[in-house]
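Remember, predicted model here, so these are calculated numbers, not experimental data.
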Amino acid sequence: MHLAYPAVLAVLLFSVGLYGVLARRNAILVLMSVELMLNAVNLNLVAFDVWLRDTLHAGQALTLFVIVIAAAEIGIGLAIVLLVYRNRGTSDIDRLTELAAGDGEDDGGVSTAAPETPGTPGNPEKNAEAAA
């Protein structure tokens with residue numbers, strides 16, 4: 001078998017994955033695109049391992065390592081995406097850039113809200129002190 005066939009297939013897979021990472025807005029589709037890119041790398045590792053006739057099969061061993069890392073990455077990535085979706089109601093990557101500020105404005109972490117005074121609904125400790 002020629003080395004060119006799996007190499008071309010790996011380039012195509014990697015290109016589709018790269019396009020998915022750069023062009024998609026949905027976080028789950030971005031994670032799927034990263035998996036495509038990792039599978040292209042795995043295909044290259046196995047193809048070159050067979051082509052070089054390595055007695056230690058280092059390419060195949062490294063492929064197993066990459067598969068384990070990819071499984072851990074997708075598990076943690078999906079957990080993060082589900083938590084963000086639960087809190088924000090969307091998994092759109094463009095809308096996730098304003099994680100610190102809920103209204104979309106970036107004030108550099110400086111709060112411009114007035115400090116809460118006793119008797120306001122947002123401060124239950126002060127309300128208890130004011131009632132006593």
Side-chain angles (χ1 to χ4, degrees):
M1 179 170 97
H2 296 287
L3 184 62
Y5 298 130
V8 168
L9 180 61
V11 166
L12 290 174
L13 276 175
F14 195 85
S15 299
V16 169
L18 186 63
Y19 173 75
V21 167
L22 296 176
R24 298 292 178 188
R25 293 186 178 181
N26 191 346
I28 294 176
L29 292 177
V30 170
L31 287 174
M32 289 174 56
S33 298
V34 169
E35 291 295 320
L36 270 177
M37 293 168 67
L38 288 173
N39 284 332
V41 170
N42 287 339
L43 181 61
N44 269 334
L45 286 171
V46 171
F48 277 98
D49 183 53
V50 170
W51 184 65
L52 293 173
R53 294 187 178 103
D54 186 17
T55 57
L56 296 176
H57 300 293
Q60 293 177 18
L62 190 57
T63 298
L64 288 175
F65 180 71
V66 171
I67 289 171
V68 169
I69 296 299
E73 173 257 335
I74 199 69
I76 292 172
L78 280 175
I80 291 171
V81 168
L82 287 175
L83 285 175
V84 167
Y85 182 77
R86 186 180 299 164
N87 290 334
R88 295 286 180 147
T90 184
S91 63
D92 188 8
I93 292 176
D94 292 337
R95 299 176 93 190
L96 296 180
T97 56
E98 60 262 352
L99 286 177
D103 57 354
E105 294 180 14
D106 186 21
D107 57 358
V110 178
S111 176
T112 57
E116 299 201 15
T117 58
T120 57
N123 200 340
E125 294 85 19
K126 299 270 180 158
N127 290 340
E129 292 174 7

Solution key, residues 59-87 side-chain donor-acceptor pairs under 3.5 Å, sequence neighbours excluded:
unit_1, atom_1, unit_2, atom_2, d
Q60, NE2, D49, OD2, 3.1
T63, OG1, G59, O, 2.7
N87, ND2, L83, O, 3.4

Just list the side-chain donor-acceptor pairs under 3.5 Å for residues 21-30, sequence neighbours left out, or say none.
unit_1, atom_1, unit_2, atom_2, d
R25, NE, D94, OD2, 3.1
N26, OD1, I28, N, 3.3
N26, OD1, S91, OG, 2.9

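Grouping Ile, Leu, Val, Met, Phe, Trp and Tyr residues whose side-chain heavy atoms lie under 4.5 Å apart, directly or via other members, places F48 in a hydrophobic cluster with L3, W51, L52.
Residues V46 and L36 fall into different hydrophobic clusters, defined by Ile, Leu, Val, Met, Phe, Trp and Tyr side chains chained together at heavy-atom separations under 4.5 Å. V8 and V11 are not part of a single hydrophobic cluster, where members link through side-chain heavy atoms under 4.5 Å apart. Using a 4.5 Å cut-off between side-chain heavy atoms of Ile, Leu, Val, Met, Phe, Trp and Tyr, with links allowed through other members, L31 and M37 fall into different hydrophobic clusters. Note on L45: it clusters hydrophobically with F14, by side-chain heavy-atom contacts below 4.5 Å among ILVMFWY residues.
Counting all heavy atoms, side chain and backbone alike, G20 lies closest to S33 at CA-OG, 3.2 Å.
One finds the CG atom of L18 at 12.5 Å from the CG atom of L13 (value rounded to the nearest 0.5 Å).
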